[in-house]
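None of these values were measured; they are calculated from a predicted model. Residue numbers start from 1 in every chain, and the chains themselves are labelled A, B, ... in the order their sequence lines are given, proteins ahead of strands.
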Amino acid sequence: DPKIIQKPKYLVAVTGSEKILICEQYLGHNAMYWYRQSAKKPLEFMFSYSYQKLMDNQTASSRFQPQSSKKNHLDLQITALKPDDSATYFCASSQESGGAPEQYFGPGTRLTVL
Amino acid sequence: GDSVTQTEGQVALSEEDFLTIHCNYSASGYPTLFWYVQYPGEGPQLLFRASRDKEKGSSRGFEATYDKGTTSFHLRKASVQESDSAVYYCALSPDSNYKLTFGKGTLLTVTP
């Protein structure tokens, strides 16, 4: 059974619209993360949450907003979408957020903005 | 800021060849170093990690040794198999931190 679920797997959006990427983990972890992978850049850290609280935000734009409704959920809301937002977005989780813990990655959501 | 530089592009080998993918890092203090592997359509998965100078990480026949003197963590495998074909990422996490900084990835293609 998949331990980290990301939905949807593929997503196509028009410029200016808003989308929510879903992430649920069933590993019992208390820290969750978002990373982005695009054709132009390597895997980039975006956010980290620990016990549902934002620990770090490395995105330059407020258009990206993580949402944690439950301990094992960390969704990513993206508003005013731009073609440059096209990328695969990976959710990850770990047992704890300190001391360089092992992070487990989900299968990703591939977002295409037209 | 922190950075990771690894062998760029693609490495093409035949089965039973020896593999080396170079990884050098730039970070203060004692970062933890990682090798991740990514198969098509999947997220990265951890191969192994190392946290101290001279520590060797290993898994599935792959290995790398943390070298603080040369700021390196080169990935090696004595005899690759077709099933090893994937993208390999070197990454680091700073002291007492969790954020992963990845290299650009190296595509390994192994032909029978």
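Taking the six-membered ring where the residue is Trp, the centroids of B/Y88 and B/F62 are separated by under 6.0 Å. If you look at A/F90 and A/Y35, their ring centroids are not closer than 6.0 Å.
Heavy atoms closer than 4.5 Å to chain A are found nowhere in B/Q45, neither backbone nor side chain. Of the two parts of A/Q103, the backbone and the side chain both hold a non-hydrogen atom closer than 4.5 Å to a non-hydrogen atom of chain B. When heavy atoms are compared at a cutoff of 4.5 Å, A/Q37 approaches chain B solely by way of its side chain, counted from C-beta outward. Heavy-atom distances place the side chain of A/K9, and not its backbone, under 4.5 Å from chain B. With a threshold of 4.5 angstrom between heavy atoms, A/Y104 does not approach chain B through any atom at all.
Of residues 103-112 of chain B, those residues lying under 4.5 Å from chain A by any heavy-atom pair are B/G103, B/K104. The contact list for residues 68-76 of chain A toward chain B, using heavy atoms and a distance under 4.5 Å, is empty.
A donor-acceptor pair under 3.5 Å links the side-chain atoms of A/N30 to the main chain of A/Q95, judged by distance alone.
Between A/D85 and A/R63 there is a salt bridge, since a side-chain N of the basic residue sits under 4.0 Å from a carboxylate O of the acidic one. Taking 4.0 Å as the cut-off between side-chain N and carboxylate O, B/E63 and B/K56 count as a salt-bridged pair. A salt bridge does not link B/K99 with B/D2: none of the charged nitrogens is closer than 4.0 Å to a carboxylate oxygen.
Remark: the B/T65 side chain and the B/D67 side chain contain no N/O donor-acceptor pair separated by less than 3.5 Å. A donor-acceptor pair shorter than 3.5 Å cannot be found between the side chains of A/Q77 and A/Q65. Counted by atom type alone, B/Y36 and B/Q38 present zero donor-acceptor pairs between their side chains at under 3.5 Å.
With respect to chain B, the highest number of heavy-atom pairs below 4.5 Å among A/Q58, A/R110, A/E44 belongs to A/Q58.
In the hydrophobic clustering of this structure, A/M46 does not group with A/I22; members are Ile, Leu, Val, Met, Phe, Trp, Tyr whose side-chain heavy atoms approach within less than 4.5 Å, directly or through other members.
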Problem - From CA spacing to verdict: salt bridge (Lys or Arg N to Asp or Glu O under 4.0 Å), A/D84, A/K40 - result: CA-CA 10 Å; A/D84 272 355; A/K40 299 177 184 177; 3.7 Å; yes

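Here the straight-line distance linking atom CG of A/L111 with atom OH of A/Y89 works out to 5.5 Å at 0.5 Å rounding.
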